[in-house]
**Student:** 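Next up is a structure, given as structure tokens.
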Amino acid sequence: MSLAQAAHSGRLSVLQARSVETGSIATMPARSMASSGEGSLSTAMQAAQNGDAAAYRTLLRDCVPVISAMARAKGVQGPSIDDVVQDTLLTIHRARASYDPARPFLPWLRAIVQRRAIDAMRHASRRPREVHDRIAYEARADDGPLPGHDLDVRDRRRMVAEAVAHLPPGQREAIEHIALRELSLDEASLLTGRTKTALKVNFHRALKALRASLSSSKEGSDV
Amino acid sequence: MSDPASHERLVEELARSLAPIRRLPGPGWRALVWSSAVLALGLLLLPLSDAAALQARLGVPDLRYAALGAILTSLAAAFAAFQSSVPGRSRAWALLPIPPLVLWIGVSGLGCLRAWLAPASNLAETGEMRGCFVFLMGVSLPLSVLLAMMLRRACPLNPSLTAALGGLAVAAAAAALLVPFHPHDATATDLAVHLAAVLIVVGLNGLLGGRFLEGTTGRRSVATAADTDP
């Protein structure tokens, strides 16, 4: 199941996606990603209720792409999505006392997002709009990314991060410096203390291993 | 399109202003607290009632069931209102007060037949009916205010529904509190007066309460959004 699908079905592991984005992509243990999910969100919200600002900050950041995906799925388009995201964040803040940690977090969040999405669409429909070419206007494709695009990107990053984490240390080091940080062979050699030849060999072996591991998994075939 | 910088700023601002907050008790518990306040008000008013007449009136089955219906409607509507004030709870809870409401209205409607079936019944006079109306309104006001304050502490995403359910809870509670003071048996006109009072209370709660509760959900105006966004 992709992350975007999970966001819609309520089984999203948002913290999982977030940790990929912020953490060191090559050194992050794969286990920590698998253990997070709905429970982590509930725990983070509970911590926020107790006044833990760091947990609250992380939670809100993690919620942003989810809110955005939910709003798109509800039919909100264009700049209104940002309004929905911000209104939802404010509502989460205002309503945080009403969250019961014994219950899952995402249905609580979804109810708020849906209400704010409806508000945004009502507001947009009240705004006067002059349309000269009606058919062209209605047939125009939305410029923005598809619903769940950001989440799909994060999902792919997560899979690459998992594959990189499973490489032997030498190969992981080569991939990290040459491919991910885009360092030259000279710079990477200076940093790691390995010869350029060793780095090249490790790099090519790592690429081969990654190609094999990503194409072997069904989800990884489109990476 | 997406504006991550302004989201990040807002997240930072909200995290900075975070203070520990006491978790709200469950809707059942809060409904119980409000119902206790209704009970307390009833006990406070009890010395003013005519106990012998009350006993006699409760001996009549349809009046007894109407009182029971009003009490159950009040409890169910209060519970449903508190449920609807919490995000993510099923909207089906709004249907909970319907069965007791049917009992209450249905059995009260039987009183309409009383004028024909038992012509000797003690029928209401205009002055008494006005008294009932004033009582219902007078009792509804403090109960509405208390309920609205309690509902406001949660996050009613559908303020009009929450407020209408609250209005029903208040109207039913007022009708139940009226029972010990009701000077006469039910008639069609009496029922109409009560119904009008109930509809006024529900309507006012839905209208005013909806606006009152809407201001609590953290929605900001577009102007505010435009000010804070770059």
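Nothing here was measured: the structure is a model prediction, and the numbers come from that model. Chain letters run A, B, ... following the sequence lines, proteins first and then strands; every chain starts at 1.
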**Student:** If every non-hydrogen atom of A/Leu90 is compared with every non-hydrogen atom of B/Leu14, which pair is closest and at what distance?
**Tutor:**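 That would be CD2-CD2, 4.0 Å.
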**Student:** Any salt bridge between A/Arg61 and B/Glu12, counting N to O under 4.0 Å?
**Tutor:** yes
**Student:** Can you list the steps and then say if B/Leu18 with A/Arg57 is a side-chain contact (heavy atoms from CB on, under 4.5 Å)?
**Tutor:** CA-CA 10 Å; B/Leu18 183 76; A/Arg57 191 177 291 115; over 6 Å; no
**Student:** Tell me whether B/Tyr65 at atom OH has more than 12 heavy atoms from other residues, nucleotides or ligands lying less than 6.0 Å away.
**Tutor:** no
**Student:** Evaluate the criterion side-chain contact (heavy atoms from CB on, under 4.5 Å) for residue pair A/Arg96 and B/Cys155; output intermediate values, then yes/no.
**Tutor:** CA-CA 9 Å; A/Arg96 63 192 193 279; B/Cys155 177; over 6 Å; no
**Student:** Using every non-hydrogen atom in the two residues, find where B/Ala154 and A/Arg94 come nearest and quote the distance to one decimal.
**Tutor:** O-NH2, 3.3 Å
**Student:** Does CD1 in A/Ile135 sit with more than 12 non-hydrogen atoms of other residues, nucleotides or ligands closer than 6.0 Å?
**Tutor:** no
**Student:** For the atom pair CG (A/Asp87) and CG (B/Leu10), what is the distance rounded to the nearest 0.5 Å?
**Tutor:** 9.5 Å
**Student:** A/Ala54, A/Ala55, A/Pro101: which one forms the most heavy-atom pairs within less than 4.5 Å of chain B?
**Tutor:** A/Pro101
**Student:** Apply side-chain contact (heavy atoms from CB on, under 4.5 Å) to residues A/Asp100 and B/Arg89 and explain how you reach the verdict.
**Tutor:** CA-CA 11 Å; A/Asp100 178 2; B/Arg89 300 294 169 97; 4.2 Å; yes
**Student:** State, yes or no, whether a side-chain contact exists between B/Pro20 and A/Asn50 at a heavy-atom distance under 4.5 Å.
**Tutor:** no
**Student:** Looking at B/Arg64, I want to see if its CZ is surrounded by more than 12 non-hydrogen atoms of other residues, nucleotides or ligands under 6.0 Å.
**Tutor:**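 Yes, CZ of B/Arg64 has more than 12 neighbouring heavy atoms, counting only those of other groups under 6.0 Å.
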**Student:** Working to the nearest 0.5 Å, report the span between CG of B/Leu157 and CD of A/Gln114.
**Tutor:** 10.0 Å
**Student:** Given heavy-atom pairs under 4.5 angstrom as the criterion, report whether the side chain, backbone, both or neither of A/Arg115 touches chain B.
**Tutor:**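 Interface part for A/Arg115: side chain.
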**Student:** Any non-hydrogen side-chain atom of B/Arg153 less than 4.5 Å from a side-chain atom of A/Ser98?
**Tutor:**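 Side-chain contact under 4.5 Å: no.
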**Student:** Need one label for B/Arg23: side chain, backbone, both or neither, based on atoms under 4.5 Å from any heavy atom in chain A.
**Tutor:** both
